[in-house]
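Read the numbers this way: they start at 1 and go in the same order the structure lists the ligands and their atoms. Since we're looking at a predicted model, the values are computed, not measured.
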Amino acid sequence: MSAALPRHVAIIMDGNGRWAERRGLARHAGHKEGIPAVRMCVEECVRRGIKALTLFAFSSENWRRPPAEVSNLMTLFVDALEREVADLHRNGVRMRIIGDRHALSVRLQARVAEAERHTAGNTQLDLQIAMSYGGRWDIVQAARRLAATVGAGALRAADIDEARFGAELALSGVPDPDLFIRTGGERRISNFLLWNLAYTELWFTDTLWPDFDVAAFEAALAHFAGRDRRYGLTAAQQGEAESA
Ligand code: IPE
Ligand code: IPE
Ligand code: MG
């Protein structure tokens, strides 16, 4: 039997700027150099039968970076979407953006909408790209929508439970990530999927994102396969549940 495979992998792709700076290049060169690693992850997920992949590309807080870096990144997203969408489609990937999409440029919003429409019928891999995304933003927008529904008389506050709340979040319909990967050496969540990471296995590596290769991805999967996920139960209870 093959070792346990995550259904959903979530990745903070960090370290592009340092990758470039170490080579005496502009930070932007590092962002660009990160694209092959994105392609590799998508292909590995498709090849291995991992059903969902969520990538953190740009956080709510990243808007506060120097305007030139923000604008370079936005141009890179527009170009990458345009270039990659045919391959994604060929690989059976359904691509969606999660985040505050209205904060994106009109041009990028149009590209995103087109890529989402083009790949909507695919079923091999659900790919979520988090852009202008923050875990707190996600929770607040869910709360606001629920409050509006309650205000309109369509829902009782007492009927809001975890499932109902989760259904308003950006990852609604996608199982919670089983494996979280962060490259670039920092050991923090940086306002990524705060709600959905509740029981996710966390794996950190010092490898900078442009250097993240198949071997590094395999190391993360091997770490995951060795975990004992107890969800609050004792190890004995968990053993019983698995053999039942
Ligand atoms: C991650 O790389 C990409 C984005 C946040 C857009 P960074 O740009 O944060 O790279 P470092 O952490 O400065 O090396
Ligand atoms: C997290 O990386 C966001 C993305 C990779 C898109 P950051 O580089 O922005 O995180 P901090 O600032 O080190 O926490
Ligand atoms: Mg960083």
| Modelled atom types, side-chain donor and acceptor of Tyr133 and Asp100, under 3.5 Å | no
| said: Less than 6.0 angstrom from the centroid, inside 45 degrees of the normal: does Arg23 satisfy that with respect to the ring of Trp19? | reply: yes
| Is there a donor-acceptor pair closer than 3.5 Å between any side-chain N or O of Gln128 and the backbone N or O of Leu55? | no
| said: Under 4.0 Å from a heavy atom of Asn62: which atoms of ligand 2 are those, numbered in the order shown and with their elements? | reply: 3 (C), 6 (C), 9 (O)
| said: Return the closest protein heavy atom for atom 13 (O) of ligand 1 as residue, atom name and distance. | reply: Arg27 NH2, 2.9 Å
| Which bit of Ala57 gets closer than 4.0 Å to ligand 1, counting heavy atoms only: side chain, backbone, both or neither? | backbone
| Short N-O contact, Arg39 and Asp87, less than 4.0 angstrom | no
| query | Considering only heavy atoms, does Leu73 approach ligand 1 within less than 4.0 Å through its side chain, its backbone, both, or neither? | reply | side chain
| ligand 2 N/O within reach of Ser190 N/O, cut-off under 3.5 Å | yes
| Proximal atoms of ligand 2 relative to Arg188 (non-hydrogen, under 4.0 Å) | 11 (P), 13 (O), 14 (O)
| request: Give the name of the N/O/S atom in Asp14 that lies closest to the Mg ion (ligand 3). | output: OD1
| task | Could you verify whether a donor N or O on one side chain and an acceptor N or O on the other, from His89 and Asn122, lie under 3.5 Å apart? | result | yes
| message | So for Gly15, does at least one of its heavy atoms come nearer than 4.0 angstrom to any atom of ligand 1? | response | yes
| request: Report the member of Arg65, His31, Met13 with the shortest heavy-atom distance to atom 5 (C) of ligand 1. | output: Arg65
| said: Under a 4.0 Å threshold between the charged nitrogen and the carboxylate oxygen, would Arg96 count as salt-bridged to Glu116? | reply: no
| message | Can a donor-acceptor pair be found, under 3.5 Å and without considering hydrogens, that links the side chain of Thr200 to the backbone of Leu179? | response | no
| message | To check your reading of the model: name the closest protein heavy atom to atom 11 (P) of ligand 1, its residue, and the distance in Å. | response | Arg18 NE, 3.5 Å
| Can a salt bridge be assigned to the pair Glu61 and Arg64 using a cut-off of 4.0 Å between side-chain N and carboxylate O? | no
| request: Name the closest protein heavy atom to atom 7 (P) of ligand 1, giving the residue it belongs to and the distance to 0.1 Å. | output: Asp14 OD1, 3.5 Å
| task | Out of Arg182, Arg64, Glu186, Glu61, indicate the one that has the non-hydrogen atom closest to atom 10 (O) of ligand 2. | result | Arg182
| field | Arg164 bridged to Asp161 by N-O distance under 4.0 Å | value | no
| request: Could you list the atoms of ligand 2 found under 4.0 angstrom from a heavy atom of Phe58? | output: 6 (C)
| Should you measure from each heavy atom of Ile12, which atoms of ligand 2 turn up under 4.0 Å away? | 1 (C), 5 (C)
